[in-house]
Amino acid sequence: MSAPITITLPDGSQRNYDPGVTAGDVAASIGRRLAADAVAATIDGEWADLSRPIAADAQVAIITRATPEGREVIRHSTSHLLAQAVFDLFPGAQYAIGPAIADGFYYDFDLPGDGRFTDDDLVRIEARMRELAAQDQRFERFELGLEQGRALFAVADQPYKLEIIDRVSGADRAGAGGAAGAGGADDAVDDAAEGVGGGTVGVYRNVRADGSVAYTDLCRGPHVPSTKALKAFKLTRVAGAYWRGDEKRKQLQRIYGTAWEDQKALDEHLHRLAEAERRDHRRLGVELDLFSFPEEIGSGLAVFHPKGGVIRRVMEEYSRTRHEAAGYEFVYSPHITKSNLFETSGHLHWYADGMFPPMELDGGTDYYLKPMNCPFHILIFRSRMRSYRELPVRFFEFGSVYRYEKSGVVHGLTRVRGMTQDDAHIFCTKEQMGDELRSLLDFVLSLLRDYGLTDFYLELSTKPKEKAVGTDEEWAEATEALRSAASEIDLELVLDEGGGAFYGPKISVQARDAIGRTWQMSTIQVDFQLPQRFEIEYVGSDNDRHRPIMIHRALFGSVERFFGVLVEHYAGAFPTWLAPVQCVVLPVADRHDDYAALVVERLRSQRFRAELVDGSRGALGHRIRNAKLEKVPYILVVGDSDVEAETVGVNLRGGDRPERDVALAAFVDRMHDQVAERRLEPA
RNA sequence: GCCGGGGUAGCUCAGUCGGUAGAGCAGCUCACUCGUAAUGAGCAGGUCAGGGGUUCGAGUCCCCUCUCCGGCUCCA
């Protein structure tokens, strides 16, 4: 017998075992609870099954169910269970990839005869998965050489698995991305996840209690020891998905599901989904009478109703005030233009598909609805000679743009065909760029915070692989300027490789909302290209002509989208300064109507948005209920004692008990504070 | 654009085997005049998304279009 090996645990403690001990054994030796909760392990930092023998001294950490890593293992394992159930119910099905994703997993299939899954199929498949899970199938890993792996999946008639193996083995010979075509680095990551790499392929199979093999898959793992560990899952939806995410390749049938460590966690997840649905801006937009999308107008084209109009107007007014203070000048430009403008800018070349088709006028001249404001602002800059003394020049406009979004992507206010950007273009010298970007980032974050968003991170998007103009040097310089400015902000910065616009890199500000979802908000782009294309210049202190650089930036992104995000962030309960109705005044009985009207008048004279709702709208309790459902921040009830003492009863949104006998003058002061401080909840 | 699922009163939804359309809420009228989350009664409201087809007869079956929802791809 060889000498014992030493296993070091995450807490630094060490234990000795015989060589060949498994992580599962280690967990069992530590405790029953840990062994029961264990789903996988890391051995010297590498993910592994609990059953993998450990030959030498190692650092071992047990991965338990209720951790992010544990859930990932459970989800990935559940995707295998899904595929097995699909093979049972749809003989001849071919499988592609089936990874764990945020909150769940999916698996892509190609069904015989181009078959499709229906919602009813999901029910059958899920039922079958439960039967299979109960069979206590062991997950077993083994490795094969590339040829053996190829043979295994060739016999099984699984072309997608073969393609994964072949492409990677080809790439191993030819170098990364060699034979892979457009895919490149991202695909290589996927392939590694599928268990291919280093001259071997990882294969998992599910083995029943009697030793027969129920299922085999190409996979990196690790997996739970047994299907019995999979007990809280649910199939959620079926969707089409292109093989390798490529629109030009075959569309496969994807099944999405979610899986958790136990039923309670699953229930909580489903509850979070229900909560998100409750906050959905499309639903609240109808309930609160904010906006609508009349079919008569066309897909993706919104109208704002009076209440939504108030919110939008206040949003815009505050934005204008802040921009004015930050040195922006306001400009205006038309909605349509002759085609040459967007030929010069390059938009027509890259994005003609995304633009509304042209109107032919004046005997052959094409006019387009504008998809962007930048060329107009450039023309304003170019309208006369500019001196270096003027720079930076900052032109701001709430500019309405129109984009012909593909029919399947239009989504509420967040993806529309007609929208208004809070768009500005800054023209400055290269030397000014760094300072300008730094102050811009501060400005952006400060403004977003004023609208109630507080949790941010930054994303740096670099030069696209194909859709890009300009030299690598220009891109590198612009990207570095953005990176440098971002690094001075105390926020996480993540890299979005190849995600820039065709004319330049960008930083986007991502915001997390009240329930933790992230939204892309502001974008800041550095652009060396359009100044060249439009040949804009300024005269420098040396009396020579120089080319300015441009910074494109939108803080809301689009007003519509930002509006939608705020609706969801606040679940429709807007802070007082934004609320369409800030205050309703409810007379207890008819004899209090005159006083109630006086209260309303007093509030309105202070520019507050107050409404009178008298007894013809129902009993007091009914009127209160309606005001609560409309999420009005302040409900004022006035009765005999209030008429007498010039007071009001104050019922706060979110408050537990109404206040009585509040002096009207004191209440007006409170409202002023609320609005001035942009407080989130009334007080 | 592609895959799957929907579209019935302003909203949420029922509608059986193909036999000619229903509820709750909202709205309107009347009564009720009320102190903090739904007073009662009555009335009105629909070319069943639009068009075509099958049928003696279509909300229901078939085809096309529009549109919405969930994904995929895309997002200057």
Side-chain angles (χ1 to χ4, degrees), chain A residues 106 108 114 116-122 236-256 277 280 282-283 286-287 289 292-296 298-300 342 345-355 370-375 401 403-412 414-416 421 464 467-468 499-504 506 520 523 525 527 530 552 554 557-558 561 586-593 614-616 618-629 635-642 649-652 655 657-661:
Chain A
Y106 67 79
D108 287 346
D114 278 341
R116 316 289 184 205
F117 292 119
T118 66
D119 287 352
D120 291 340
D121 292 334
L122 283 194
T236 50
R237 56 182 54 104
V238 50
Y242 300 103
W243 170 230
R244 291 202 172 281
D246 183 346
E247 199 174 9
K248 294 181 190 65
R249 300 199 215 212
K250 179 157 190 174
Q251 189 165 53
L252 306 176
Q253 291 285 296
R254 175 172 297 178
I255 293 176
Y256 282 96
E277 192 179 330
D280 190 310
R282 295 166 298 183
R283 175 199 191 97
V286 175
E287 284 176 9
D289 197 15
S292 61
F293 291 92
E295 276 195 30
E296 294 84 341
S299 179
F342 287 111
S345 73
H347 288 101
L348 214 37
H349 178 250
W350 295 110
Y351 291 106
D353 285 351
M355 292 167 63
K370 66 172 170 180
M372 289 289 277
N373 301 302
C374 26
V401 299
R403 298 178 179 180
Y404 188 74
E405 302 286 4
K406 286 194 278 188
S407 61
V409 307
V410 170
H411 180 96
T414 60
R415 195 78 181 271
V416 290
Q421 295 179 314
K467 260 186 188 179
F502 72 84
Y503 49 75
K506 69 177 177 193
Q520 178 177 313
T523 62
Q525 301 169 347
D527 179 7
L530 293 184
H552 306 239
S558 89
R561 181 185 153 81
L586 311 181
V588 172
D590 284 359
R591 64 182 179 278
H592 312 120
D593 284 358
D614 65 27
S616 68
L620 182 64
H622 189 233
R623 284 176 280 154
I624 288 170
R625 178 168 195 272
N626 285 341
K628 292 282 187 190
L629 291 176
I635 298 168
L636 303 187
V637 174
V638 294
D640 289 331
S641 65
D642 299 299
V650 181
N651 187 332
L652 301 178
R657 182 179 309 173
E659 303 166 66
R660 290 288 296 272
D661 306 316

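Below, chains carry the letters A, B, ... as their sequence lines are ordered, and counting in each starts from 1. Heavy atoms only: backbone and side chains are in, while hydrogens, waters and symmetry mates are out.
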Could you check whether [X] gets within reach of a base, just the sugar-phosphate, or nothing at all, counting any heavy atom under 4.0 Å?
X: A:Arg660; result: base
X: A:Ser407; result: base
X: A:Asn626; result: nothing
X: A:Ser641; result: base
X: A:Tyr503; result: sugar-phosphate
X: A:Phe502; result: nothing
X: A:Gln525; result: sugar-phosphate
X: A:Leu620; result: sugar-phosphate
X: A:Asp640; result: base
X: A:Gly621; result: sugar-phosphate
X: A:Ala241; result: sugar-phosphate
X: A:Tyr106; result: nothing
X: A:Gly346; result: nothing
X: A:Asn651; result: base

Choose from [options] the nucleotide whose nearest atom is closest to any side-chain atom of [X].
X: A:Glu295; options: B:C66, B:A38, B:C3; value: B:C66
X: A:Ser299; options: B:C74, B:U67, B:C11; value: B:U67
X: A:Lys406; options: B:U36, B:G1, B:C75; value: B:G1
X: A:Gln251; options: B:C72, B:G35, B:A76; value: B:C72
X: A:Asp590; options: B:A76, B:A37, B:U33; value: B:U33
X: A:Glu247; options: B:U33, B:U73, B:C75; value: B:U73
X: A:Asp119; options: B:A76, B:C34, B:G4; value: B:G4
X: A:Arg254; options: B:U73, B:G4, B:C72; value: B:C72

Between the base of [N] and the side chain of [X], is there any donor-acceptor pair under 3.5 Å?
X: A:Arg415; N: B:C75; value: yes
X: A:Lys248; N: B:U73; value: no
X: A:Tyr242; N: B:G1; value: yes

Find the partner of [N]: check Watson-Crick (N1-N3 plus N6-O4 or O6-N4) and G-U wobble (N1-O2, O6-N3) distances, both under 3.5 Å, and reply none if neither fits.
N: B:C43; answer: B:G27
N: B:G4; answer: B:C69
N: B:U33; answer: none
N: B:G59; answer: none

[N], OP1 or OP2 - any side-chain N/O from [X] closer than 4.0 Å?
X: A:His411; N: B:G70; result: yes
X: A:Lys506; N: B:A76; result: yes
X: A:His622; N: B:A26; result: yes
X: A:Arg282; N: B:G70; result: yes
X: A:Arg591; N: B:C34; result: yes

Exercise for the section: Give a yes or no answer on whether the side chain of A:Arg403 reaches the backbone of A:Pro371 with a donor-acceptor pair at less than 3.5 Å. Expected result: yes

Handout entry: Any donor-acceptor pair under 3.5 Å from A:Arg623 side chain to A:Pro587 backbone
Key = yes

Mind checking whether [X] and [Y] have side chains closer than 4.5 Å, heavy atoms only?
X: A:Thr118; Y: A:Arg116; answer: no
X: A:Val588; Y: A:Val638; answer: no
X: A:Gln421; Y: A:Asn373; answer: yes
X: A:Leu530; Y: A:Cys374; answer: yes
X: A:Tyr503; Y: A:His552; answer: yes

Rounded interatomic separation in angstrom, taking [atom1] from [X] and [atom2] from [N]:
X: A:Arg249; N: B:C3; atom1: CZ; atom2: C1'; answer: 18 Å
X: A:Gln253; N: B:C2; atom1: CD; atom2: P; answer: 15 Å
X: A:Tyr351; N: B:C75; atom1: OH; atom2: C1'; answer: 8 Å
X: A:Lys370; N: B:A76; atom1: NZ; atom2: P; answer: 18 Å
X: A:Asp289; N: B:C25; atom1: CG; atom2: P; answer: 20 Å
X: A:His592; N: B:U36; atom1: NE2; atom2: P; answer: 13 Å
X: A:Glu287; N: B:C25; atom1: CD; atom2: C1'; answer: 12 Å
X: A:Lys467; N: B:C74; atom1: NZ; atom2: P; answer: 9 Å

Nearest-angstrom distance, [atom1] atom, [N] to [M]:
N: B:G59; M: B:G18; atom1: C1'; value: 10 Å
N: B:G19; M: B:U60; atom1: C1'; value: 11 Å
N: B:G27; M: B:C63; atom1: P; value: 42 Å
N: B:G6; M: B:C43; atom1: P; value: 36 Å
N: B:U67; M: B:A58; atom1: P; value: 28 Å
N: B:A44; M: B:A26; atom1: C1'; value: 13 Å
N: B:C62; M: B:G24; atom1: C1'; value: 34 Å
N: B:C74; M: B:U65; atom1: P; value: 25 Å

Exercise for the section: Compare every heavy atom of A:Val410 with every heavy atom of A:Ser299, then report the nearest pair and how far apart it is. Expected result: OG-CG1, 3.8 Å

Practice task
Mind telling me whether A:Phe342 and A:His347 have parallel, tilted or perpendicular rings, with 30° and 60° as the class edges?
Solution key: perpendicular

Exercise for the section: Please find out if less than 6.0 Å separates the ring center of A:His349 from that of A:Phe502. Expected result: no

Fill in the blank from the handout: RNA chain B nearest-nucleotide lookup for A:Glu659 and A:Arg116: closer to the 5′ end is A:Arg116

Problem - First of A:Gly298 and A:Gly499 reached from the 5' end of RNA chain B, by closest nucleotide - result: A:Gly298

